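Scroll down for the structure; my scribbles are underneath it.
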Amino acid sequence: MLIGRKVTVLGGGVAGLSVARALALRGAEVEVLEQAEAIREVGAGLQISPNGARVLRALGLGDALAQAGPTAEAVQLVDGETGGQVARLDLARLRPGAQYHFIHRARLIEMLAEGARDAGVQIRLLQQIDSINLSGDRPRLQTAQGATYEADLLIGADGLHSKLREALNGRVAPFFTHQVAWRALIPCAPDAPNVVQVFMGAKRHLVSYPLGGGLRNIVAVEERHSWVEESWALEDDPINLRVAFEDFCPTVKGWLEQVEQVNLWGLFRHPVAEHWYGKHAAILGDAAHPTLPFLAQGAVMALEDAWVLAEALATHDSDEVAFAAYQAARHDRCARIVNAASKNARNYHLTGVPRTVGHLAMRAASRFTPKKLVARFDWIYEHDVTNGAGARRG
């Protein structure tokens, strides 16, 4: 049960702030420890699909989400070199009422931080965590400077390089996928359609959509053998991005000419954690199941985790039973999404005959069976963890 429980959340990103609000709304006394210099989010835009939007509405943040950015009208798949349309999925017509939101990461963090504070959550900065010890009666955190901090109940939302995941599972080396990704923001015309456009090419693709506020989001992915550090904060020369897509259509080249600052990061495949909890401690979000960005579900899975974990702790007397129920509800679903995201990039990077055949198949499906094409990922988007049954289905 959570009434009056003191909970420490490690990490002030999407996972940490959403679980903090969810716990506080159920009566817990929550403190968020953030290791950055301030609560903020680097990066560019992201998509909140209907399964994530349901959680934000259940957390009382639906109005804020609606005002934070536009909603998608359609998804358009384009031959990157010719600019010709391969497929178009009109979401507004095929999935009326199922909203797919575009939002800047910084705006989402701001919205979640404000929501957490409004619920009574205390947010404070902490020195970098060096290690976490779970062998005592209480989880103990030690900073790189040697200071220690104890928690009654510790929730690890500390991302890809989670110290709590390491304490629960040991170290596991990630696998470099031989793909790198650039992220950038450029100006966007106010009358630009709210469409996700995927420009597909041989061994690379580019995704773009408007974020509102005069900004357009760009994510460009290229296959390469060279090793790149796993960090979102690495800056690259925009010329490298332009060269990588120099044979793409004029629309893409025009956008890339406007890029003044770009971040580059290597894409690594991490296994879904085997152990999501231990004595008085549990992990969620990227700490439990890092994913590649090819289904836009990283932030959304964190939102789903936050709701299910908070609900489990609120409805079970024992932390161990609650944590076990939480992992049982989430593990298989998250693993399936992670695997689907890993496979999705290959569909965008086809070459030669497979590319010709694949594009023909998508054109035919878009024209004759668009509902079937959209339904491919209904198991992701129609899931609802907030209705109770969704949490039990996993």
Side-chain angles (χ1 to χ4, degrees), residues 7-22 30-46 52 105-106 108-110 112-113 116 123-132 139 141-144 149 151 154-177 181 183 228-234 263-278 281-293 296-306 309 327 330 334-335 337-338 341:
V7 183
T8 300
V9 176
L10 182 59
V14 174
L17 294 171
S18 55
V19 77
R21 178 170 170 86
V30 185
E31 181 179 47
V32 172
L33 303 179
E34 169 56 32
Q35 299 175 76
E37 295 178 359
I39 292 291
R40 64 178 186 271
E41 179 62 65
V42 297
L46 53 79
R105 286 178 176 272
L108 179 60
I109 292 296
E110 177 185 283
L112 290 169
I123 302 175
R124 73 184 186 91
L125 303 181
L126 188 71
Q127 297 170 323
Q128 182 177 348
I129 300 298
D130 184 61
S131 63
I132 297 175
L141 294 70
Q142 182 167 328
T143 70
Y149 186 94
L154 179 64
I155 305 299
D158 45 341
L160 280 173
H161 306 293
S162 169
K163 293 298 183 181
L164 185 51
R165 174 186 171 121
E166 183 180 322
L168 291 169
N169 295 273
R171 291 189 180 183
V172 178
F175 168 75
F176 181 50
T177 65
R183 282 185 180 271
V228 177
E229 181 181 348
E230 188 179 26
S231 170
W232 284 23
L234 294 177
N263 290 96
L264 172 70
W265 85 105
L267 299 180
F268 289 74
R269 178 71 187 267
H270 296 252
V272 174
E274 181 179 355
H275 304 290
W276 290 27
Y277 66 94
I283 53 176
L284 77 163
D286 282 347
H289 43 74
T291 185
L292 296 175
Q297 287 296 297
V300 175
M301 282 195 290
L303 291 168
E304 289 188 345
D305 286 351
L309 177 55
Q327 179 169 340
R330 298 296 300 154
C334 291
I337 292 174
V338 168

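Bear in mind that the values here come from a model prediction, so they are computed numbers and not experimental data.
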Fill in: Trace of the side-chain contact (heavy atoms from CB on, under 4.5 Å) decision for Glu34 with Leu10
CA-CA 6 Å; Glu34 169 56 32; Leu10 182 59; over 6 Å; no
Practice prompt. Verify side-chain contact (heavy atoms from CB on, under 4.5 Å) between Trp276 and Arg165, making sure each step is shown before the conclusion.
Written response: CA-CA 7 Å; Trp276 290 27; Arg165 174 186 171 121; over 6 Å; no
Practice prompt. Please step through side chain to side chain donor-acceptor pair (under 3.5 Å) for the pair His270 and Asp286, ending with a clear verdict.
Written response: CA-CA 10 Å; His270 296 252; Asp286 282 347; over 6 Å; no
Worksheet item: Is there a side-chain contact (heavy atoms from CB on, under 4.5 Å) between Thr8 and Tyr149 once you walk through the steps?
Response: CA-CA 10 Å; Thr8 300; Tyr149 186 94; 4.1 Å; yes
Discussion item. Would Leu154 and Ile132 count as a side-chain contact (heavy atoms from CB on, under 4.5 Å) here? Give the steps.
Written reply: CA-CA 10 Å; Leu154 179 64; Ile132 297 175; 4.1 Å; yes
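By the side chain to side chain contact (heavy atoms under 4.5 Å, CB included) test, Gln142 is found to be paired with Ser131, Thr148, residues two or more places apart in sequence or in another chain being considered.
Taking 4.5 Å as the limit, every side-chain heavy atom of Arg21 sits out of range of all side-chain heavy atoms of Leu112. Contact of the Pro293 side chain with the Leu267 side chain is registered, since non-hydrogen atoms from C-beta on lie closer than 4.5 Å. In this structure, the side chains of Lys163 and Leu141 stay at 4.5 Å or more apart for every pair of heavy atoms.
Taken to the nearest 0.5 Å, the CD atom of Glu304 stands 7.0 Å off from the SG atom of Cys334. Rounding to the nearest 0.5 Å gives a distance of 6.0 Å between CG of Leu309 and CG of Leu284. A distance of 12.0 Å separates CG of Leu33 from CD1 of Ile155, quoted to the nearest 0.5 Å. To the nearest 0.5 Å, atoms CG (Leu17) and CG (Leu303) are separated by 10.5 Å.
By the 4.0 Å N-to-carboxylate-O rule, Arg124 lies close enough to Glu31 to be salt-bridged with it.
Nearest heavy atom pair, residue Ile109 against residue Gly12, reads CD1-O, 4.2 Å. Across Glu274 and Asn169, no two heavy atoms sit closer than the pair N-OD1, 3.3 Å. Considering every non-hydrogen atom in both Ala282 and Leu164, the closest pair reads O-CD2, 3.4 Å. The minimum heavy-atom distance between Ala287 and Gly156, with the atom names listed, is CB-O, 3.8 Å. Here the closest non-hydrogen pair linking Glu166 and Arg171 is OE2-NE, 3.1 Å. Nearest heavy atom pair, residue Val14 against residue Ala302, reads CG1-CB, 4.3 Å.
Checking side-chain atoms of Ser162 against main-chain N and O of Asp158 turns up no donor-acceptor pair under 3.5 Å. Thr143 places no side-chain N or O within donor-acceptor distance of the main-chain N or O of Ile129, the cut-off being under 3.5 Å.
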